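Every value quoted in this text rests on a predicted model; they were computed, and no experiment measured them. Starting from 1, each residue takes its place in the sequence as its number.
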Amino acid sequence: MKFCILANMGFFHFIDSLILQILIILLLLIFKPCDASIQKIGSITKPFEASQMGYIDNDGLFLLSNDSNFALGFKPTKEVTSFLLVIIHKVTSTVVWTANRASPVQNSDSFVFNSAGLVTLQSRGKSVWGPGSKNPVSSIQLLNSGNLALLGGDGAVIWQSFDHPTNTLLSTQEFLDGMRLVSDPDPSSNNLTYFLEIVSGDMVLRSGYRTPQTYWSMGRESRKIINADGGPISLSKIELNSWKFYDENKTLLWQFVFSSIPNNVNSTWAAVLGSDGFISFFNLETGGTKTESPLKIPSDPCGTPEPCDAYEACSSNKCQCPSGLVSRSCNTGISSPCGSGNQSVQLVYAGDGLGYFSLGFESPSLQSSNLNGCQTSCARNCSCLGLFFDNSSGSCYLFDRIGSFISDPTSKFSVYVKVSENESVGNGNGGKNNAHLPIIITIAVVTVLIIAAMVYGGYRYHLKKKETPPILQETSEEDNFLESLSGMPLRYSYKNLQDATNNFSVKLGQGGFGSVYQGELPDGTRLAVKKLEGVGQGKKEFRAEVSIIGSIHHVHLVRLRGFCAEGSHRLLAYEFMPNNSLDKWIFKRTKDNKPVLDWETRFKIAVGTAKGLAYLHEDCDVKIVHCDIKPENVLLDEQFEAKVSDFGLAKLMTREQSHVFTTLRGTRGYLAPEWITNYAISEKSDVYSYGMVLLEIIGGRKNYDPGMSSEKSHFPAYAFKMVEEGKLGEILDSSLKYDPNDESVHTAIKVALWCIQEDMAIRPPMTKVVQMLEGVSQVPLPPTSSLTGARLFSGFFRLSSEEGTGTGTSSGPSDCNSDAYLSAVRLSGPR
């Protein structure tokens, strides 16, 4: 207990006042002053020292701006046990500047402002950050603008954070020639970063490749306003609701308006360069809301270096392998042939209708009279991994790293990528190599013979299996199965995933298919590891099914990074989603009962989820019906982009296990009527479940809430009633702030009611749902649902709300793996 309260304790009332004063003086010499952990307002004078542990009661924040909107202090990283020194917008918890992004510190490490005027951030006695000023600092100020200023003895600024931005620009902050905005590393792309800078009088965005590739410039931005003719850009800054660009004479050249709502005195705008390569604009309101502008830079969702995996083609947020690389699963098998010994390489034609994000911004590597000359230049340059040849102008572009392609039917480019000769190539025009045809045929014949021998050996093994002890059976089975299948994701041993999850110590959630645990690989890659329960397949069948799931890539589907099939263990390793599942957000409230997700974010999540399902139903090679759409299976990344998880898992379950997961609490409320009436299940069953989830997103409540009045307890029936009465606003979460004229609110409500129609024939397909949500297709008023389904499902909701699992049984629910279902529609799970 701090000594400053001792003087008020009754224990000292009998002590002579002189002795008491001496004791207090002695304690002052031993302990730090009482206000050591009290937040400073406006400024700090020397000497001063602060650590996260010392200010733990203030969330590590030790200096506030005079208006208390901004704070300087320590914020935990994703690893939680290490910390960054940051400036944060306090109410919205938005980090606007970071001192030590590359060197996190521990909770006992200190920010030191010593008596000599030296400012440092120290870790274990060593400086990991400092402003670098040689002049002594007399005071530190945190201004109301969010700028951290270090002042000299004469009161002049000798260093300020506005001159050293990280990934964020604030209102009135000048961005000058020579400065650079750098995104946080993207772990999913080998820690790829993006940066913004002024180059040759133009503001440009570039990738952090070894040789940077430009993918946007303000000079080519069609949405800007041209104000005057002048010299090149020398500075820019955000003023009110626009980004303005000036020449060296402070003449306004260009203006980019990112919001129709002008700034007010109680808010500030922030431009953030995200780890996805886009610049987003956020209005930081002092009331606690953080509103994102719908405009982003660049405007094309496929306009960044890697919206998809490298060598995949992006089209409106859909990723697919180009035709010339399909047989290679878009994996070139080569990062750079330089210094790789005798490795032979060849150029493979990637396919027709391909563009590239950088072609409109980079100068040609050379002008070649024909394609052969361009190919020769790339072949002779060991660092060249791909080429783009403009057939009309003869321009040849050579790149030492290839990101995502852009699907463009009008493209005039011939595209070739460099691959190893000992690997199979695509079927494009340039991928044909008749000279190697006899070798390929020979290898194919030998492969078939080997597989036949293995099958025969497996058959003989099966005959003797019952005579083999269980432990030897397991070992023999492991040795006889193919180590990998075509398109197979990375395979882990059980020990690998056990170590990665610290013996499955951090549980993220529990679902019908099993439990999910947080994990981290030795290289720092974070995973979500699902331990499947009740899997009926053997290892070979399991791996064959997983190979299909793992080959499906889409920005709104959670990516499967690997698997484990060892003994009785069946585990799946997914990409880690830092914002967990949707159910953790849409039913959540702040202390003053305000929603934590605004309408724009909710609508973005709804659209993303719909796109993911549409891809599963219509666009992937094997049609997949999810069978278990619910908020728990919609995961959110750092930017609250929605990704559907657990797709295709129904086929992996035994009949008994899949029958059980339909009766688990929290799932029944999303099942279509055909599940309990023994009609065939189809992709329209997913549409119904999506409609139920969309209603919960809109209303911010469960679809069945027994605590409400009888009229409102069954939310779908209440929603239909409100639509009949023309009271659409009654359906939306009452605590949400929204524009009554916002068409997206009305659209979402009508789409949800179309999706939950009892007659599956009139439910729209998910592709149509996406079109309606995005405004491409009109949304007529949905027909009124019959009360029969409402009464039937209200009983089903009550069962799903009980504590425990499996407390009720349905009247023969359909099964995604049942013979009747498979014979009826053949859609469940990957096949």
Side-chain angles (χ1 to χ4, degrees), residues 1-9 27-114 118-130 139-142 146 148 161 166 184 284 286 288 290 502 505-506 508 518 520 526 578-580 584 588 590-592 596 638:
M1 185 177 296
K2 296 181 180 179
F3 76 93
C4 54
I5 67 172
L6 296 180
N8 295 324
M9 296 177 62
L27 289 171
L28 281 169
L29 295 174
I30 297 172
F31 297 99
K32 292 182 180 180
C34 288
D35 63 350
S37 62
I38 297 176
Q39 289 176 317
K40 305 295 183 181
I41 307 295
S43 64
I44 296 173
T45 56
K46 57 185 177 182
F48 176 83
E49 184 173 342
S51 67
Q52 193 277 338
M53 182 62 72
Y55 283 81
I56 192 170
D57 291 339
N58 295 310
D59 297 325
L61 306 176
F62 54 83
L63 175 61
L64 302 179
S65 59
N66 284 321
D67 59 9
S68 297
N69 284 339
F70 291 93
L72 174 68
F74 295 93
K75 180 179 176 61
T77 64
K78 294 178 181 179
E79 285 70 30
V80 180
T81 57
S82 56
F83 298 84
L84 301 174
L85 179 65
V86 302
I87 299 173
I88 188 171
H89 186 260
K90 197 168 183 296
V91 180
T92 61
S93 299
T94 303
V95 174
V96 299
W97 178 82
T98 307
N100 57 321
R101 277 202 285 188
S103 305
V105 297
Q106 303 303 307
N107 59 6
S108 58
D109 293 331
S110 299
F111 172 83
V112 179
F113 181 20
N114 66 19
L118 182 64
V119 177
T120 56
L121 178 63
Q122 298 186 356
S123 177
R124 299 179 181 179
K126 295 183 179 179
S127 175
V128 297
W129 175 84
S139 66
I140 301 174
Q141 292 185 358
L142 182 58
L148 181 69
S161 61
T166 48
D184 288 327
L284 308 179
T286 56
K290 178 180 176 181
N502 193 19
S505 58
V506 181
L508 298 176
Q518 182 174 323
E520 182 174 345
R526 302 175 76 189
N579 276 323
N580 214 301
K584 302 295 192 303
K588 190 177 179 181
T590 60
K591 291 181 180 179
D592 54 355
V596 295
E638 290 179 336

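- Gln122 and Thr120 share a side-chain donor-acceptor pair at under 3.5 Å.
- Atom CD of Glu49 is separated from atom CZ of Phe62 by 10.5 Å, given to the nearest 0.5 angstrom.
- How far CG of Leu63 is from CG of Leu142: 5.0 Å, rounded to the nearest 0.5 Å.
- At distances below 3.5 Å, at least one donor-acceptor pair connects side-chain atoms of Asp67 with backbone N or O atoms of Asn69.
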**side chain to side chain contact (heavy atoms under 4.5 Å, CB included) evaluation trace for Phe48 with Ile140** = CA-CA 10 Å; Phe48 176 83; Ile140 301 174; over 6 Å; no
**Stepwise side chain to side chain contact (heavy atoms under 4.5 Å, CB included) test for Val105 and Phe111** = CA-CA 10 Å; Val105 297; Phe111 172 83; over 6 Å; no
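- Between Leu84 and Thr77, some side-chain heavy-atom pair lies under the 4.5 Å cut-off.
- For the atom pair CD1 of Ile44 and OG of Ser139, the computed distance is 9.5 Å after rounding to the nearest 0.5 Å.
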**Message:** His89 vs Phe70, test: side chain to side chain contact (heavy atoms under 4.5 Å, CB included). Steps then yes/no.
**Reply:** CA-CA 5 Å; His89 186 260; Phe70 291 93; 3.8 Å; yes
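- Proximity of a side-chain donor or acceptor of Gln39 to a complementary backbone N or O of Leu64 within less than 3.5 Å is not detected.
- Shortest non-hydrogen contact noted between Ser123 and Val128 is CB-CG1, 3.8 Å.
- Using a distance-only test at 3.5 Å, with no hydrogens or angles considered, no donor-acceptor pair links the side chain of Asn58 to the main chain of Ile38.
- The aromatic rings of Trp129 and Trp97 lie perpendicular to each other, with more than 60° between the two planes, well past the 30° mark.
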**Test side chain to side chain contact (heavy atoms under 4.5 Å, CB included) applied to Val86 and Val96, step by step** = CA-CA 7 Å; Val86 302; Val96 299; over 6 Å; no
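- Between the CG atom of Leu72 and the OG atom of Ser65 there is a distance of 10.5 Å, given to the nearest 0.5 Å.
- Taking NZ of Lys584 as the start and CG of Leu508 as the end, the distance is 8.5 Å to the nearest 0.5 Å.
- The shortest side-chain heavy-atom distance between Asn107 and Thr81 does not fall under the 4.5 Å cut-off.
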